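Worksheet: one structure, shown below.
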Amino acid sequence: MVRKQTALRPYFEKMSDIGKPLSAGEIKRTEENIIFIQEQENIISGAVEKVKNAGTNAEVIRKRGQMTVWDRLDYLVDAGTWCPLHTLYNPETNEEGCTGVVDGLGKIDGKWAVIIAFDNKVMAGAWISGQAENILRVTDLAKRLNIPLVWLTNCSGVKLMEQEKVYADRRGSGAAFYRHAELNKLGIPILNAIYGTNPAGGGYQGISPTILLAHKDANIAVGGAGIVGGMNPKGSFDLESAQQLIDATKGFTAKAPGRVETHFDQTAYFREVHDTEIGVLDGIKEYMSGMPAFDPKVFRVAESAEPKYPVQDLNRLIPANQKRPYDAVQVLARLTDNSEFMEYRPDYGPEVFTGVAKIDGFPVGVIGNRQGVISKYPEYAEGAYVGVGGKHYRQGLIKQSEFVTFCGRDNLPIIWLQDTTGIDVGDIAEEAELLALGQSLIYSIQKTDVAMMCVILRKGTAAAHYIMGGPQANENNAFTLGTPLTEIYVMHGETAAAASYARRLVKEQEAGNDLGPIIEKMNQMVKDYEEKSRPVFCAEQGFVDEVVTLPDLRKYCVAFAGANYQNPKSITPIHQMILPRTIKG
């Protein structure tokens, strides 16, 4: 007889229940919230559709006998697993409305991969401004999660009219060479499906990955016909040189350099050549089947289970009014398996919750902000003021540092649920060492080699945005998500306007001048802050890697956990974990 169980079953099989169903009164009171979120979702989805429809019409591409980038992704990625990232990313405000690549997390033949594809509808997949930075984020993701990077290359080269925004610089388009070499060095495979004509810059992804598969009509070359034919010793053009260019270009029209007969038959760069576009994608799937991956049972601590309560409740639980508090544990109960949570030090640092949860049966650490007034806290204030959820105080900072360190010891990935207004300020707070403790949390994160994902549920404000797994966590942060309620700013617009113009108001009033012009400037600053902190703007600038609906957060948590445990670089046997035992005491 064989008897089997998951490791540390008494700790993980049944954890503490959290959450409760919404009452009829709560449902009725939150109708306005639903309407507001729907309005924001419409704005976001409109921006996404604009990106998807950028460039040449999809039907034109299909009439040429080609698949669009979205067709290729639909065929390649396992149904229901695609988690797009950087859809709205456009930091240089390109006229194309995007960076020319599409990327995200998804399963291929049952295994998680980071996938990036040139959008062949936008300038035939050319390198455009902001694309290099997008690629760096994608390679960082593959590196952090230690999973394959899959390219769908279809790149016509550099947008030559804006070469200075693309070509050079440490973080320019040439960084792909280095980053691919780094991933290969780390044992992270890079698979590449190659389509179309890929001259000059289009070849960066064509030769530096691990495995190259090509469509029969694909070609990759150091230079295309335009480059070869454009070599002109005169330094300028006239009718004679123009005719020479015409003749040279015609000469290359019939046989472009770098064809399949070169890179498969002669150089043997290409592993496979397929007659159909789908055949290339099937080849990628076949190679993915051979990529390293543990059976999930090695790391699962329980059977996967959906939350007890509907994820759609999140649209009612999190108020659109940024000043209105809510029960953050109710939110957590809509994300975790079976709505269970093992909380670490619940009576210490009450402004934040820390603990272990299960996502798709895998153990993860979770850190988030509680909301609302906290009486008789912080203790160091001795009643001078009361604590407010969303802000960080001494105990909470210490607790987070401890918890992050324990997660590092046990190799637990961390999900940050951020809704923070900042760190406590003033002489009392400084005497309580909050400046040093905030930096200590950052240091704990950097010393802890585990993957993290960050969700900005509502507010990401001031230094607190950094310390909670935010943009400072370059070695740890796999990706950051925004929601329809996300706002990211150094401080609220009203606070910023007051800080910027308070002395000016005093000066103008003492001089007997009209305050109207200053007040107008203050109100304009408030408006600017609002416009530059909303979800679409945050996604375009890269403050978040994607804006997702609140009900979709669970899907991204599942992808993050599954990808993290697919082929981890370091393993802590579950029965040797200390964090669950520390929680029990």
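Bear in mind the structure is a predicted one, so any value in this text is a computation, not a measurement. Atoms considered below: every heavy atom in the structure, side chains included; atoms not considered: hydrogens, waters and symmetry mates.
Counting only distance, with no hydrogens or angles, the side chain of Y195 and the backbone of E277 share a donor-acceptor pair below 3.5 Å. The closest donor-acceptor contact from the side chain of R137 to the backbone of L85 lies at 3.5 Å or more, if one exists at all. A donor-acceptor pair under 3.5 Å links the side-chain atoms of Y565 to the main chain of P363, judged by distance alone. Counting only distance, with no hydrogens or angles, the side chain of N94 and the backbone of E96 share no donor-acceptor pair below 3.5 Å. Using a distance-only test at 3.5 Å, with no hydrogens or angles considered, no donor-acceptor pair links the side chain of T420 to the main chain of N369. Put simply, the side chain of T486 gets close to the backbone of I456: a donor and an acceptor are under 3.5 Å apart. Checked by atom type and distance alone, the side chain of N198 pairs as donor or acceptor with a backbone atom of N219 at under 3.5 Å.
Salt bridge status for D419 with R458: present, with a side-chain N to carboxylate O gap under 4.0 Å. Ion pair K52/D119 not flagged as a salt bridge, since none of the NZ, NE, NH1 or NH2 atoms sits closer than 4.0 Å to an Asp/Glu carboxylate oxygen. Contact check on D78 versus K111 returns no salt bridge, with no Lys/Arg side-chain nitrogen under 4.0 Å from an Asp/Glu carboxylate oxygen. Using a 4.0 Å cut-off between charged side-chain N and carboxylate O, E182 and R179 make a salt bridge.
Side-chain contact between L191 and L213: absent, with no pair of heavy atoms (C-beta onward) separated by less than 4.5 Å. Using a 4.5 Å cut-off on side-chain heavy atoms (C-beta onward), W416 and I445 make contact.
For the side-chain contact (heavy atoms from CB on, under 4.5 Å) with L314, the lone residue among L485, L335, T549, L457 that qualifies is L335. With H215 as the partner, the side-chain contact (heavy atoms from CB on, under 4.5 Å) test is satisfied by one option alone out of V260, L281, V280: V280.
Between atom CG of residue N192 and atom OG1 of residue T153 there is a gap of 3.5 Å, rounded to the nearest 0.5 Å.
Under the rule for a side chain to side chain contact (heavy atoms under 4.5 Å, CB included), the partners of D71 that lie at least two apart in sequence or sit in another chain are R62, M67, T68.
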